[in-house]
There are 2 protein chains.
Amino acid sequence: MKVTELAKEFGTTPDTVRYYTRLKLLNPAKSENGYKYYPLTEISRLKFILSARHLGFSVSDIRHIIDEASLGKSACPLVRSLIKERLADTEKQFQAMLALRKNMNDALAQWDVKEDKTPTSTMVCHLIDSFEPTKEYGGSHD
Amino acid sequence: MKVTELAKEFGTTPDTVRYYTRLKLLNPAKSENGYKYYPLTEISRLKFILSARHLGFSVSDIRHIIDEASLGKSACPLVRSLIKERLADTEKQFQAMLALRKNMNDALAQWDVKEDKTPTSTMVCHLIDSFEPTKEYGGSHD
DNA sequence: CTTGACCTGTGTCTTACACACAGGTTTAAA
DNA sequence: TTTAAACCTGTGTGTAAGACACAGGTCAAG
């Protein structure tokens, strides 16, 4: 399979396939014309990489996992351990986004009843300057 | 005020202050010794920038807002318009994180009852390979 | 006057690709 | 058969928002 074929097969982009290839996560054969051809092992490896990405693993994680597996060892323990870290990261980001979203919605609501004002030397926009986060609890969890 | 003082005052880092200064969002005076000194107008401008960042505006957005205000015009209409875009972006990312988090939790649960396996030429880790997203509805909203 | 704590600018690094570009290759039509 | 479209190649750069490094200047205290 060639780059674009492969990309389409798995619903990704040629650039992504090239990217992984650049990082040597994929190792295609090169035909005489200079084109890259991906044999079955590389095809299933791409599938693996994409699945792992969908599970929140970073490309660097994936590299470590592949390295482990290529030593003949089971990568499963590493995978189990890594996903817990990534889940914790995701949870943090998720909470941050939750708070951000709330702030944004609160701002929209507050601003609805405020008029526009012209700026001064110390005030670019009073909407933003006067916004208050509507704190519900003092964040003491971090 | 000097860089580090300013950063501490608003709970950010000197690097962040320097970054905004590099982008000319802040325009400190330079004293003879070469140090940067931030007068009151710049101090309140930093406060503005940080508030805007907390509301999900990008640095680029902020630049546009400041540009608008520096023409003497009210930046409020722009601000109202931009935050709606950013809120939509945030909502999208939020939903994506929600789905990711679910996938990760599902994976953890599924894997709990699976044993480790050694890799083969076409399988790096069966945990990842065999993971199924537990789709609840066919995502047809984008 | 020296030590240590601050400051300076500038340059590089990060993530996971997307996009650009100059040029080689293949394919299908003319 | 010529040629033009449609593919492919590697490599280089851009992205967001800073973090970190580094060589060197400056300042307060002992």
Side-chain angles (χ1 to χ4, degrees), chain A residues 1-38 42 45-46 48-66 82 85-86 89-90 92-93 96-97 100, chain B residues 1-38 42 45-46 48-66 82 85-86 89-90 92-93 96-97 100:
Chain A
M1 275 199 165
K2 291 186 278 186
V3 169
T4 307
E5 289 170 358
L6 191 54
K8 273 189 186 148
E9 177 81 14
F10 292 109
T12 186
T13 69
D15 270 318
T16 297
V17 174
R18 290 216 186 86
Y19 177 60
Y20 297 150
T21 305
R22 255 203 274 219
L23 298 185
K24 311 219 171 169
L25 293 181
L26 295 176
N27 303 291
K30 297 195 62 172
S31 100
E32 290 194 0
N33 55 17
Y35 287 21
K36 283 174 279 207
Y37 284 90
Y38 297 81
E42 299 307 309
R45 172 157 291 189
L46 174 62
F48 168 78
I49 295 173
L50 293 174
S51 298
R53 296 282 303 124
H54 286 314
L55 282 172
F57 292 99
S58 71
V59 170
S60 165
D61 287 342
I62 293 170
R63 191 204 306 276
H64 291 317
I65 294 167
I66 288 178
L82 279 175
E85 288 180 47
R86 297 304 156 245
D89 299 344
T90 300
K92 253 193 182 167
Q93 287 180 51
M97 291 219 59
L100 174 60
Chain B
M1 275 199 167
K2 290 186 279 186
V3 169
T4 306
E5 289 171 358
L6 191 53
K8 274 189 186 149
E9 177 80 14
F10 293 109
T12 185
T13 70
D15 270 316
T16 297
V17 173
R18 290 215 185 86
Y19 177 60
Y20 297 151
T21 305
R22 254 203 273 218
L23 299 184
K24 311 224 170 165
L25 293 181
L26 295 176
N27 303 292
K30 298 196 59 171
S31 102
E32 291 194 0
N33 55 18
Y35 287 22
K36 282 173 279 204
Y37 283 92
Y38 297 81
E42 300 307 310
R45 172 157 291 191
L46 174 61
F48 167 78
I49 295 172
L50 293 174
S51 298
R53 296 284 300 125
H54 286 314
L55 281 171
F57 292 98
S58 71
V59 169
S60 165
D61 287 342
I62 293 170
R63 190 204 305 277
H64 292 316
I65 294 167
I66 287 179
L82 279 175
E85 288 180 46
R86 296 304 155 245
D89 298 345
T90 300
K92 252 192 183 169
Q93 287 181 50
M97 292 219 58
L100 175 60

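Chain letters run A, B, ... following the sequence lines, proteins first, then strands; residues in each count from 1.
- Residue Leu25(B) contributes atom CG, which lies 14 Å from atom C1' of dA16(D) at whole-angstrom precision.
- When the side-chain nitrogen and oxygen atoms of Thr13(B) are compared with OP1 and OP2 of dG18(D), none of them lie within a distance under 4.0 Å.
- Shown here for Ala7(B) and Pro14(B), the closest heavy-atom pair between the two residues is CB-N, 3.5 Å.
- Counting heavy atoms from C-beta on, the side chains of Tyr37(A) and Pro28(A) never come closer than 4.5 Å.
- Rounded to a whole Å, the CG atom of Leu100(A) is 12 Å from the P atom of dA17(D).
- The side chain to side chain contact (heavy atoms under 4.5 Å, CB included) check on Thr16(A) picks up Thr12(A), Thr13(A), Tyr20(A), with sequence neighbours excluded.
- Taking a 4.0 Å limit (strictly below) on heavy-atom distances, residues 48-64 of chain B does not reach DNA chain C anywhere.
- For DNA chain C, the residues of residues 15-24 of chain B within the heavy-atom distance limit of 4.0 Å (strictly under) are Arg18(B), Arg22(B), sorted by number.
- The side chain to side chain donor-acceptor pair (under 3.5 Å) pairs that include a residue from residues 48-59 of chain B are Ser58(B)-Asp61(B), where partners are two or more places apart or lie in different chains.
- Salt-bridge check for Lys92(A) with Asp89(A): failed, with every basic side-chain N at 4.0 Å or more from each acidic carboxylate O.
- A straight line from NZ of Lys2(A) to P of dC7(D) spans 10 Å, rounded to a whole angstrom.
- In this structure, the separation between CD on Glu85(A) and CZ on Phe57(A) is 10.0 Å, given to the nearest 0.5 Å.
- The span of DNA chain C lying next to chain B, judged by atoms under 4.0 Å from heavy atoms, is bounded 5' to 3' by dC6(C) to dG11(C).
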Inset, instruction - Could you walk me through whether Ile66(A) and Arg45(A) pass side-chain contact (heavy atoms from CB on, under 4.5 Å), step by step? - result: CA-CA 9 Å; Ile66(A) 288 178; Arg45(A) 172 157 291 189; 3.6 Å; yes

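- Here the CG atom belonging to Leu25(A) is positioned 12.5 Å from the CZ atom belonging to Arg22(A), to the nearest 0.5 angstrom.
- Note: OH (Tyr37(A)) to P (dC8(D)) measures 9 Å, nearest angstrom.
- Expressed to the nearest 0.5 Å, how far CZ of Phe10(A) lies from CE of Met1(A) amounts to 7.0 Å.
- Between Leu55(A) atom CG and Leu100(B) atom CG the span is 8.0 Å, to the nearest 0.5 Å.
- The interatomic distance linking Asn33(B) (CG) with dA28(D) (C1') rounds to 13 Å, in whole Å.
- Residues Tyr35(B) and Lys2(B) approach most closely at CD2-CD, 3.9 Å, considering heavy atoms.
- Summary of helix geometry: the two end axes of the helix from dC1(C)-dG30(D) to dA30(C)-dT1(D), each defined by five base pairs via their C1' atoms, are inclined to each other by 20° (rounded to 10°).
- A donor-acceptor pair is defined here as one N or O able to donate and one able to accept, closer than 3.5 Å; no such pair exists between the side chain of Glu42(B) and the backbone of Leu26(B).
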